[in-house]
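First the structure, in the form of structure tokens, and then the observations on it.
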Amino acid sequence: MADQQDVALMAHLLRRAGFGASRDEIEARAAQGYDSVVDELLNPDSVPGVEDDLLLRYMPAYHEAAAIETNIQAWVWRMINTPRQLQEKMALFWHMIFCAGHSKIDSGQEMGRMIQMFRDHGMGNFRNLLWLLSTSPAMVYYLDNSESHKTNLNENYGRELLELFSLGVGMDESFNYSEDDVKACARAFTGWNIAPSYPPFPYGRSPWEFRFDPADHDDSEKTFLGETGNLNGDDVLDIICKQPATARFVARHLYNFFVADDVQIPAWRLTPPRDMKAIEAMEKAYFDSGYEIKPMLEVLFKSDFFKAEDVRYAKVKNPAEMVVGTMRLVGEHRDIQPGLFEFSQEPKYMGMDLMNPPTVEGWHTGREWIDSGTLVERINFAADLMGNTELPGVQSLVDRLKAQGDTLSPDQFVAGCLDLTGPLMVTEDTLQQLRSHASKEGDLSTSNQDEFARRTGEMFQMIAATAEFQFE
């Protein structure tokens, strides 16, 4: 059996590289060995994926899903159930950077196809990912490249490609590109458009398709980031990917998402990274591998900076992590069953409308996830599930606690509950409040099973209501 330090480190890895896990899985993974688990996470094809045939048998609407709600529901189900947890976490990662939203696209199927693109290629080559993004019909439409012509330029995609998808505005207090670069970039992508689709009525939308129109492409000479020539979109992507700023951009995003909350993205030009050595290690992996994401992730997850105790619970859970992580812990919807729709809407109530970010800039992360309204929603959601001792995951935790002895003192009771729900690290003030509540009813005996379950469920609810439970 793995020791407590190994269990705590494995729990940390599974929260960050996935959406958390049951205590049974954490201990099994800890016994497997940390590096072995990382290697498995980084190679999702080495483990079985979601059984799509079984899923479609019970939920036929997931096949060629048209409604945005159905696509969101299917995605949340995958987050909860896929054995390929890092693959699904990377789909969420890129969705939060390469932002396109249903509010404009108005096609649930296209949003689902975009998430599938992130799922399939999120740990692959960044140059290829940018090309797939640039030829994604959803993105072409969302950022108006379908309205950009050599005789009537629209700079929207060119600007956002540089500002939000690759280089970032600047680094080390300098700017990464100029307005002339934006114009040259936009000109290079003229002709990258969408093939005309069938009208949506009366049979519904047909899948969109990318089409390059050479007659609409500006093939004149352009100068972009200091390079001059008859540049097209592919040339621009090549130039972008070899920039030091691009390596910095990807590395900072990975650190912010997987390691610890950093300042908001607009402040990156003037604010150095929280851990420059960590960023530099990932930048080196980016260039050494020819722009591959997987080697950057391997450096990250196997590093001392990721394993350090001071970065555990240093990230506010985003709403998807909050909802899915809690459901995985309590064992809710691990089978195909009715009622998932309501759960799939919960991230929206917490401020994260999946597949529909507020703007192309995406969501502000970290502590900005929490305000007076979203905090109440978070606490109510988690407490309702954590206190339901009939759920299989909660039952398992109760049984584990019961096995610790015939009688538990209030201090032992609280320590056991915190250990099983994380292991969760709390402040001394929070610890004393939990102990004070437990002391009101004295020692806890395992002889009265109903009373034991009641008090344990109540303590789990109190833990779910702590500030620390909002972090991972």
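Quick note: residue numbers are just sequence positions, from 1.
The shortest heavy-atom contact between G158 and V182 is C-CG1, 4.5 Å. Smallest separation of non-hydrogen atoms from N154 and L143: OD1-O, 4.4 Å. The two residues I105 and A100 have their closest heavy-atom pair at CD1-CB, 3.9 Å. Here the closest heavy-atom approach between residue V236 and residue A188 is recorded as CG2-CB, 3.5 Å. For the residue pair E361 and P266, the shortest heavy atom distance occurs at OE2-CG, 3.6 Å. Of all heavy-atom pairs spanning V47 and P83, the tightest one is CG2-O, 4.3 Å.
A donor-acceptor contact under 3.5 angstrom links the side chains of R119 and Q116, judged on distance only. No hydrogens or angles considered: a donor-acceptor pair under 3.5 Å links the side chains of Y62 and Q73. Counting only N and O atoms by type, the side chains of K315 and N256 include no donor and acceptor under 3.5 Å apart. For D353 and N356, the side-chain atoms include at least one donor-acceptor pair closer than 3.5 Å. At a cut-off of 3.5 Å, with distance as the only test, a side-chain donor of D218 or S220 sits close to an acceptor on the other residue. Donor-acceptor pairing under 3.5 Å is recorded for the side chains of N125 and E292.
Evaluation of the side-chain contact (heavy atoms from CB on, under 4.5 Å) rule for L270 yields E173 as partners, not counting sequence neighbours. The side-chain contact (heavy atoms from CB on, under 4.5 Å) check on D238 picks up R127, with sequence neighbours excluded.
Residues H95 and W363 place their aromatic rings such that the two centres sit under 6.0 Å apart. Close placement of the F306 and H12 rings is indicated, their centers lying within 6.0 Å of each other.
Of the inter-residue distances, the one linking D6 atom CG with Q32 atom CD reads 12.5 Å to the nearest 0.5 angstrom. To the nearest 0.5 Å, atoms CH2 (W75) and CD1 (I80) are separated by 13.0 Å.
A salt bridge links E321 with K89: the closest approach of a Lys/Arg side-chain nitrogen to an acidic carboxylate oxygen falls below 4.0 angstrom. Using a 4.0 Å cut-off between charged side-chain N and carboxylate O, E280 and R248 make no salt bridge. Salt bridge status for E88 with R84: absent, with no side-chain N to carboxylate O gap under 4.0 Å. Between E40 and R29, at least one side-chain N (NZ, or NE/NH1/NH2) sits under 4.0 Å from a carboxylate O, which counts as a salt bridge. Ionic pairing of E179 and R159 is present here: one or more N-O contacts between side-chain nitrogen and carboxylate oxygen are shorter than 4.0 angstrom. A salt bridge links K302 with D39: the closest approach of a Lys/Arg side-chain nitrogen to an acidic carboxylate oxygen falls below 4.0 angstrom. Electrostatic pairing of R312 and E472 does not count as a salt bridge here, judged by no charged N lying under 4.0 Å from a carboxylate O.
At least one cation-pi condition fails for R15 and F471: the charged atom is not both under 6.0 angstrom from the six-membered ring centre and inside a 45 degree cone around its axis. With F469 as the aromatic partner, K317 meets the cation-pi criteria of under 6.0 angstrom to the ring centre and within 45 degrees of the ring axis.
For the pair V316/I370, a side-chain contact is recorded, criterion being any heavy-atom separation below 4.5 Å from C-beta on. Y142 is not listed as a side-chain neighbour of P137, based on a closest heavy-atom distance of 4.5 Å or more. A 4.5 Å side-chain heavy-atom check between Y141 and K104 finds at least one atom pair inside the cut-off. Between L153 and T190, some side-chain heavy-atom pair lies under the 4.5 Å cut-off. Two residues are said to be in side-chain contact when any heavy atoms from C-beta on lie closer than 4.5 Å; I279 and D275 fail this criterion. You'll find the side chain of F189 stays beyond 4.5 Å of the side chain of S148, heavy atoms only. Side-chain contact check for P319 versus R378: some heavy-atom pair is nearer than 4.5 Å. Taking 4.5 Å as the limit, some side-chain heavy atom of L297 sits within range of a side-chain heavy atom of M90.
W94 and F98 have parallel rings, their planes meeting at less than 30° on a 0 to 90° scale where 60° marks the start of perpendicular. In this structure, Y157 and F165 have tilted ring planes: the angle between them lies in the 30° to 60° band.
The local environment of NE2 in H63 is sparse, with at most 12 non-hydrogen atoms from other residues, nucleotides or ligands closer than 6.0 Å. Heavy-atom contacts from other residues, nucleotides or ligands closer than 6.0 Å to CZ of F212 number more than 12. Other residues, nucleotides and ligands place no more than 12 heavy atoms under 6.0 Å from the CZ atom of F175. For E209, the CD atom counts as loosely surrounded, since its 6.0 Å shell holds 12 or fewer non-hydrogen atoms of other residues, nucleotides or ligands. Shown here is E368, whose CD atom has more than 12 heavy atoms of other residues, nucleotides or ligands within 6.0 Å. Environment of CG in D304: sparse, with no more than 12 heavy atoms of neighbouring residues, nucleotides or ligands closer than 6.0 Å.
In terms of modelled atom types and a separation under 3.5 Å, the side chain of T82 and the main chain of R78 share no donor-acceptor contact. Judged by distance alone, the side chain of S136 and the main-chain N or O of L132 form no donor-acceptor pair under 3.5 Å. Side-chain N or O atoms of Q85 include one that pairs as donor or acceptor with a backbone N or O of F19 at under 3.5 Å. T374 places a side-chain N or O within 3.5 Å of a backbone atom of W369 that can act as its donor or acceptor partner. Put simply, the side chain of N176 gets close to the backbone of G168: a donor and an acceptor are under 3.5 Å apart. In this structure, R16 contributes its side chain and V259 its backbone to a donor-acceptor pair below 3.5 Å. Looking at R269, its side chain never comes within 3.5 Å of a backbone N or O of V169 through a donor-acceptor pair. Side chain of D181 to backbone of F224: no donor-acceptor contact under 3.5 angstrom is found. In terms of modelled atom types and a separation under 3.5 Å, the side chain of S289 and the main chain of A285 share a donor-acceptor contact. The closest donor-acceptor contact from the side chain of D172 to the backbone of S174 lies at 3.5 Å or more, if one exists at all.
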_What verdict does the side-chain contact (heavy atoms from CB on, under 4.5 Å) test give for L42 and L86, after you've listed the backbone C-alpha separation in whole Å, the side-chain angles of each residue and the deciding distance to 0.1 Å?_
CA-CA 7 Å; L42 289 170; L86 180 57; 3.8 Å; yes
*Report the C-alpha separation of Q109 and I68 in whole Å, then their side-chain angles, then the decisive distance to 0.1 Å, and conclude whether the side-chain contact (heavy atoms from CB on, under 4.5 Å) test is met.*
CA-CA 7 Å; Q109 184 181 39; I68 188 64; over 6 Å; no
_Derivation of the salt bridge (charged side-chain N to carboxylate O under 4.0 Å, His left out) call for D120 and R113_ = CA-CA 10 Å; D120 291 340; R113 291 173 71 185; over 6 Å; no
_From CA spacing to verdict: side-chain contact (heavy atoms from CB on, under 4.5 Å), N81, D335_ = CA-CA 8 Å; N81 289 288; D335 296 317; over 6 Å; no
*Please test Y34 against F301 for ring-ring contact (aromatic ring centres under 6.0 Å, His included), starting from the C-alpha separation and ending with a verdict.*
CA-CA 10 Å; Y34 184 87; F301 289 127; 8.3 Å; no
*Check the pair H253 / F249 against ring-ring contact (aromatic ring centres under 6.0 Å, His included), numbers first and verdict last.*
CA-CA 6 Å; H253 269 296; F249 177 89; 4.6 Å; yes
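For the pairing with M296, the side-chain contact (heavy atoms from CB on, under 4.5 Å) check across M282, M123, K284 returns one residue only, M282.
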